[in-house]
Amino acid sequence: MLDYVIKRLIQVVVVVLLALTVVFFLIRLSGDPTALFLPPDAPREQIEEFREKLGFNRPLHIQYGEFMVNAVQGDFGQSLRSREDALPIVLDRLPATFQLAISSLLLSLLIAIPLGVLSAFKRNSVFDRISVAFTVLGQAVPSFWLGLLLIYFFAAQLHILPSGGAGSVVHLILPMITLAAYSVARFTRFTRSTMLDVLRKDYIRTAKASGVPTFRLVGRYALKNSLIPIITLVALDLGTLLGGAVITEVVFAWPGIGRLLMQSLMNRDFPIVLAGVFIIALIYAVINFVADLLYAYVNPQIRVK
Amino acid sequence: MKKNAFFLLVLSLLLILSACTEGAAGTGDSKDKGNSATTEKDSIVIAFEADAGTLIANSDVNYVTDTQIRNIYDALIERDGKTGEFIPVLAEEWENVDELTWKLKLKEGVKFHNGADFDANSVKYSIDYILDDANQSFYKSRWVDVQEVTVLSPYEVQIKTAKPFPSLIQRITEDLLIMEPGYVEEVGTDEAAKKPVGTGAYKFVEWSRDNYLKLEAFEDYWNGTPKIKHLEFRYIPEFSSRLSAFLSGEVDLFKNIPVDSIGKIESDGNSKVAEVASARINYLALNTFHDGPMKDEKVRQALNYAVDVDELLEAVLNGHGTKMTGPLAVINTAYVETEGYDFDPEKAKSMLKEAGYDPESLELTLDTPNGRYPMDSQVAQAIAAQLQRIGVKVNVQVNEWGAHLEKIRNREMKDMFILGWGPAFDPQSTIENLFTEVAPYSSFYDKDLEAKIYETNALFNEDERFKGYEELQHSLVEKAAWVPLWQQADLYAV
Amino acid sequence: MTVNFPKVPHAANTQPLKSKKQSAVAAFFSNLMRSWTGMLGFLIIVLLLFISIFGQWIVPYDPLLADFGKKLLPPMTDGHLLGTDQLGRDIFSRIILGARISVIIGVTTVLIAGTFGTIVGIISGYFRGWIDVILMRIVDVQLSFPFILLVLVINAIIGTGLRNIIISLAIGGWVIFARVIRSEVLALREKEFIIASVATGVSRIGILFKHILPNLFTPIIILSSLQIGTYIIAEASVSFLGFGVQPPEPAWGNMLNEGKDYIFSSWWLITFPGIAIMFTALGVNLFGDWLRDTLDPELKGE
Amino acid sequence: MLEKILQVNDLRIQFKSGKETVQPIRGVNFHVNRGETLGIVGESGCGKSVTSLSVMGLLPVKSSKIVSGEILFNNRDISRLNEKEFRKLRGNEISMIFQEPMTSLNPVFTIGEQLSEPLRQHKKMSKSETRKTIITVLKQVGLPRAEQIIDEYPHQLSGGMRQRVMISLALLCQPKLMIADEPTTALDVTIQAQILELLKDIKTKNDMSLMLITHDLSVVAEMCDRVVVMYAGEVVEEAEVNELFDRPLHPYTQGLMKSLPSNNERKSTLFSIQGQVPKPSEIKEGCVFANRCPFAFEKCLAETPPAFKKGEHISKCWLQEPALEEVKHSGEPSIVIS
Amino acid sequence: MESQVLLSVKNLKKYYEIPQGMFKEKILVRAVDDVNFTVMKGETFALVGESGCGKSTTGRTILRLVEPTAGEVIFKGTNLATLPYDQMRSMRKQMQMVFQDPYASLNPKKTIRQILMEPLRVHDKFDKKERLQKVISMLQIVGLSEYHLDRYPHEFSGGQRQRIGIARAVILQPDFIIADEPVSALDVSVQSQVINLMLELQKEFGLTYLFISHDLSVIQHMTDRVAVMYLGKIVEIAETEDLFNNPKHPYTQALLSAVPVKHPKEEKSRIILKGDVPSPANPPSGCTFHPRCPFAMEICKSVMPEPTEFEKGHTANCHLYIKNEEEIKHAVIYS
């Protein structure tokens, strides 16, 4: 088990370093950001000086080397815009992003798992059909559109919820729902299909043959078996929620990492983009790693080895 | 770029606002939070599309940053938004001792938020801050000609320049904000960038990145304690979210309303839209750096005839903007009236033919940013439609702002592009930065004109300068350096 | 032959064999008829394809034609079925032509991402070894970025526009094909019928092209149909953020982007393109689900 | 007269797939006596597993339906019990073991957790009592280290051990009837021998009846008291085991026995039944075996034969029609097993 | 009949490595461990044993469907184990394989025509017209007809598919066919049809079979010589009748005794083995059978037994028969 952990950790490190490399080169290829930062009347010398400071005038491999050496120490340089260290700026947004991602994840699980289980159990019933229709629809609605509609109804028309910003729990509601909509649909479908799969298994028949009541069969037996694949999916999605909430964060003015990255992209504030990518890749890798451990914990076949 | 007296503006707008809320009191509608309808509003929330880059002064040239921190810091001199005249703020008087020397007399008895006194040292410190490489100020290039700042007495400063610098007052007005040297030295720039101290009307309270900036009235403000006790900037990048926050009463004021939403805001009952002329001008640049028809003066003139600015203003901007005819806006100190080009599609056609282009087979590219200026991409599409009427096919290319700017900087633009410029108060910066070879922002360049520009800029005699700019304006119009559009109108919802 | 074997009479022997193609098409439809969701998806797709092919002849107005006198007309006025936008362009016409862009983006992206991803998946799964290790590490790296973010970053770098959005979606999307196809190939490699072909003496290349590739057809079709919906929504999202297809091109995402400022004054600007996207994604997803359920009982997601 | 613990009378079961319905069980009759082992033998698709599942009430609720007939367990018709009533029987009075020991145990629960389930459902027991009972039963089925195995997971056990666990699961509540559906098919011969030995042993010790479903005639010979032969959803022959092996009456049973390699001379051409089992949809009037039967005559194709009884030996074949018996006695065909 | 060696397998080994993480040694699974036997031309040689004993891996390793770890496979004087891939490929026309699972071993996407044409095409036999003729006649030989040519495997029953599988193996007229459990997935009534087919084909084409099975009655019926495998090793080789009448190795004896009776009246004395087959990843020391052997001695725990030869090529690897002790122990077993 321990060397499995070590092996996976090494993998995490490799993936994150590679991710940084890729983004570094992508960004360097995209040209330099001087235009956006220096005043329009800045003379040549200042532009040159600025580029010099950013290291754009040096050979690419040296830039890369320096970048990587600094990056592994958590130094991504300063934000071009605010002249503050990039990493703390990114880390600063992390709590907001986590808050949104985790709350919508919990919300979707809270809805999706019972819905999926019930749907699988009452397969082909009216309830099942409605829930399937709902989930198919849920996956087809673009989240930004949903966000706009929610704002329109709850904030602009009914005035019962704030349209954006962060601060209190009330602010969380709309973005949380928007972000959760897709995951609810996805998790419900997945839970349903996994449950159907599990319910067909021989060991369920065995349990049934020993007189286990249906409720217990579904709630205890089948659910625990379904949890393994569900955990994997949830882990993958949490990663996506954390980094992929860009749109929701922009629509709802949520001060998270997605919006920061989006703005930094627009501003060509590359140190922030790099630091953000680093953090997201790291989180994603770590989540997957934790999911693997969790997976091993739930699945005795791995645990005991 | 709207830099001046934002605070004054806020105050004046609030007058309208408090009138509104009083009017609404009768209906019992009290959705405006933090405001009991009967008393005058003492707190205000202003929605902004973006966060300030930093809260330290004299660093970030971005107008979003500048507008916000001008509530915390004061300038030495400001400019009247309507007349463009200089108004003393922390500086009481200024004079030009000789071509290379300036002297400023400062206001006494002004205090910083931390209790420190404002004096000549603060001014020296603030200018030196810009000049110090270590601070990486984006303003530095504009100030490189400043050689030395000397404190003559506690309230007198002398500035020496390396070469004649006629627009120094302009620089002081637009760029310089006064910082507290003791505080910055004590906590360091990093900390000062997060917790600013100035002499401004509002003290810093709390800054949550990408979320809000909270300020409160400075009791000891030299110009009297502001009426509004709490000022909050909230950052909402999406216009629709901004608007909905406004309509739901979370936000009291915000800027840059699309013209087509005015009706909706005004119909809300509690709200009004206020229009304030901006110091930014919008124009259609005709790229002479690019090998193409735009190198031909006749073509440029033809385009000036073919674009109906009045129609654009009316149909696309619903009349919100002030038409321009030449290179400078009315607010510019050197503005003179120039003979413009009237809308005349027939003439445009014949001129194109004269230049050897068949309008029917001419195909041009028009680049535009999206969302940078009011209705920018729509304006571009409307211009395309207008040119289509004389048979010219225009391909509109909409760029994300960063990409647009980069294309201009790298001189990768094709035939035409839309851009704005501001502040357009000063003739030197406007003309120099637009119509010389080193500046790509209008991408128009004429060798003779450039020589004339440099010559005029170096003149120290006010009258001669003015005359020089007058001639330049006429020649630029004659050569059809660009298609002038309008001076932007800033629309505020209150 | 002197060997006498028991004759094997059975009923099916005497039935005439239908033309293979005819019966395949018939089977497709009779299968489709049985599932109303599949049928709905199929009809939406047919409608979409019809519109995107013949759209330019059925639009009532030029979708690019700005008419400022008629801007922001509500639906059902002045002959504008769905109203007009801020430049007075007919929304119905724009939505019709927008279908083509969505279809082009969905299909081209799937073609590019699918082809590339499939090739990588095959190489990885069939040849294994160090190349597999390298390719899968790359896939891992890419998977550590959220899809939308990656597309945004690429778009910020290579610029916007129809071609670039397709490129960035394809760059963002190939990994999923690579992953799925690789695991399919890995599973196929171990299949007894593949080993049987090796035993008859088929060469490695022969095995790859004659045996593995035809069996990948089904998973590729299924995955592609499901991915198209993802790409269409992703394009809309990216356009919505201003990085995708640029105006005046009537793409649904950028109609929403342009229309979002009018959410309070002119609801129809964001309502109809939104519905169009949803409807399309719905159709593609329903059809994809049905395809998966019919073609691949093992993948059965129901 | 022997007490019949289970009686299946004229059982007909229908399955629905899509819009089509098929009827894989068409009028099945048999019974299990107290204390005996009844073998149900037949090839794949003959309906033997469906029959056993119907006795357990484990047929899929939505897609299957008992069209007619009754299943009497202790003289009580259980064919139409609801789920809750069935649950009281399952694992308690009737229990079942399945073919695949590898997949029939839940991989994420320990052996103890799974074995405690029937006790929890049917017996009121304290935790420690439950554990003690489970260990006792595990020991009874010959599992070494029962105290440890109870806390282990299925994947830690070999196939043979898992089948022992399955048997102990079925034994826990001391059922009256145990149904074993191909219990040794997935196992190696040496393990099969162990498990068969075990089944014999526990059957006598626990005074149970055993219904053994298999395709393997030698397992039947080894284990059973009486045999039911099924073919295409029908019982074609039923007899006491020695009787059946000595004098198989139905041509299908005869063919089955003759085609075993061990009943043929080495290297000789084996006897084989021609053709294939008809699909349920292809079954029409007449004897189900007629299309493969070497003795088929016109009547076989036209009329479905009834079950002809000769003592306890039942055969569903026109050859056994008393009228024909006369004719047959004089000449051929008669089947002799070497 | 003059017997002529067609295939001889010498010291064949196939080990699999299962990585166990970075800091642990890899587990070595000895699937096939030092296997030796010869197959004579025209005979049916059987490999018998329980699941996991390595009999299938041995078969596949001979055909290089699995690369051997060590050892020689000499077929008609050529060592297949070291043959370059392309030469091995052309050798395959002389040696073919029939698989256990008729459902899995036919490509579901190919018609019968394509499946049967493939071997001819790959080895470039006949021209196109002749090929079709050949395919049709082969189909008839295995009891199917031209009519089935354009059908897909799923349209056939299990028995028919196995016929197709056999047709594919025989169509190149190879000398040697490895049949890996060819009848164990089939129902009894169909099983006999396929066995008959294989026997007939052997006569017709003079085939040599390596017949892999766990079903002792089938082995007894149709093979000439048998090798019994246990945990990757051959423990006994003998002529079929000899083996069934006079098994020497305790494992063989147990195996034979475990076969259920043919008739309810038959009485059988069983040697019930203790426990299960150990994992080939962790085989017992000495004689791998010793933990389950009813006759295990001290020596069995530490020393691996060498083959002892009895009459007519009957060998068994067991310490019971070594040196002087042989007679004593022999007596014990049959008491």
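A note on names: the letters A, B, ... follow the listed sequences, proteins ahead of strands, and every chain is numbered from 1.
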Please state whether the side chain, the backbone, both or neither of A:V141 comes within less than 4.5 Å of a heavy atom of chain C.
both

So which of C:T230, C:I233, C:T37 has the biggest tally of heavy-atom pairs under 4.5 Å with chain A?
C:I233

From A:R189 CZ over to C:D289 CG, what is the distance, rounded to the nearest 0.5 angstrom?
4.0 Å

Say you draw a straight line from CZ of A:F144 to CG of C:L256; how long is it, rounded to the nearest 0.5 Å?
5.0 Å

Counting heavy-atom pairs under 4.5 Å with chain A, the top scorer among C:A236, C:G274, C:G283, C:P273 is C:G274

Around A:F127, counting heavy atoms of other residues, nucleotides and ligands shown, do more than 12 lie under 6.0 Å from its CZ?
yes

Go through the steps for C:F240 and A:V251 under the test side chain to side chain contact (heavy atoms under 4.5 Å, CB included), then give the verdict.
CA-CA 10 Å; C:F240 175 79; A:V251 170; 3.8 Å; yes

Kindly check if the number of other-residue, nucleotide or ligand heavy atoms within 6.0 Å of CZ (C:F279) is above 12?
no

Would you give the length of the straight line joining atom CG of C:L152 to atom CG of A:L265, rounded to the nearest 0.5 angstrom?
6.5 Å

Please check if the number of heavy atoms outside A:F154 that lie under 6.0 Å from its CZ is greater than 12.
no

To the nearest 0.5 Å, how far apart are CG in C:L143 and OH in A:Y284?
5.5 Å

Which residues in residues 133-141 of chain C have any heavy atom closer than 4.5 Å to a heavy atom of chain A?
C:R137, C:D140, C:V141

Are more than 12 heavy atoms, taken from residues, nucleotides or ligands other than C:I176, located less than 6.0 Å from that residue's CD1 atom?
no

Heavy-atom pairs under 4.5 Å with chain C are the metric here; pick the option from A:I151, A:L17, A:L137 that has the most.
A:L137

Given heavy-atom pairs under 4.5 angstrom as the criterion, report whether the side chain, backbone, both or neither of C:I275 touches chain A.
both

If you measure from CG on A:L261 to CG on C:L149, what distance do you get to the nearest 0.5 Å?
5.5 Å

Among C:G253, C:A234, C:S237, C:A281, single out the residue with the greatest number of heavy-atom pairs under 4.5 Å to chain A.
C:S237

Turns out that what part of A:A285 lies under 4.5 Å from chain C's heavy atoms comes down to neither

Heavy-atom neighbours of C:R179 CZ exceed 12 at 6.0 Å
no

Given heavy-atom pairs under 4.5 angstrom as the criterion, report whether the side chain, backbone, both or neither of C:W252 touches chain A.
neither

